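Chain letters run A, B, ... following the sequence lines, proteins first and then strands; every chain starts at 1. Source: prediction; values computed, not measured.
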Amino acid sequence: GNSVTQMEGPVTLSEEAFLTINCTYTATGYPSLFWYVQYPGEGLQLLLKATKADDKGSNKGFEATYRKETTSFHLEKGSVQVSDSAVYFCALKPYNFNKFYFGSGTKLNVKP
Amino acid sequence: SQTIHQWPATLVQPVGSPLSLECTVEGTSNPNLYWYRQAAGRGLQLLFYSVGIGQISSEVPQNLSASRPQDRQFILSSKKLLLSDSGFYLCAWSVGPDLGYGYTFGSGTRLTVV
């Protein structure tokens, strides 16, 4: 089956700290992988994506690399800001079906 | 450009009352449409999805129903709300069976059943 597992939060960091949010997946075939971000009181926004193995998605200083061998898509940022405080969702879309599977979300709190 | 509208943003309803949440998409045709619910402190749960007018697939048995009366309109309904229906409801759309395209989400409706 298809599923996504994210590290549990909340994650609390100081400004300018390095961020890693772990995401691993289970899927048949070769899914596309996504990170979505949800700022307080808002809907979800696509942050970045990768559609095949070894692809690196990047946006707003965030990066994630599609690792087929470890079935992972960890989100990283070298220096977080207070404005990055949000809930981050990892998601996959199976190669043969237009339906998404989301992880449970990881809340990030960045303190000044 | 494509946009998605969802309303209302916030709703407080008594137990046993009906519900109707509406979602419309502009700037695209024949989108796939989805309703998700996010319960407090939990992840996203897919409730319904639709690949065309009148075509609704339900992911989980529940107190809710969905309808798609027009190509770009998706409605979430309930005849009698339960306390457990409280949550953050998100509508989303995506293009057809293309690979690698994510969802575009609406801004959500926060429903509190009292």
side-chain contact (heavy atoms from CB on, under 4.5 Å) between F89(A) and Q38(B): does it pass, once the steps are laid out? CA-CA 12 Å; F89(A) 290 90; Q38(B) 184 181 24; 3.2 Å; yes
Is it the backbone or the side chain of Q38(A) that comes under 4.5 Å from a heavy atom of chain B, or both, or neither? side chain
Centres of the Y34(B) and F100(A) rings: under 6.0 Å? no
What pairs with K107(A) under salt bridge (charged side-chain N to carboxylate O under 4.0 Å, His left out), at least two apart in sequence or on another chain?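 By the salt bridge (charged side-chain N to carboxylate O under 4.0 Å, His left out) rule, K107(A) matches no residue at all.
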Are [Y] and [X] linked, directly or through intermediate hydrophobic residues, by side-chain heavy-atom contacts shorter than 4.5 Å (ILVMFWY only)?
X       : Y      : answer
L76(B)  : I4(B)  : yes
Y101(A) : L47(A) : yes
L83(B)  : Y89(B) : yes

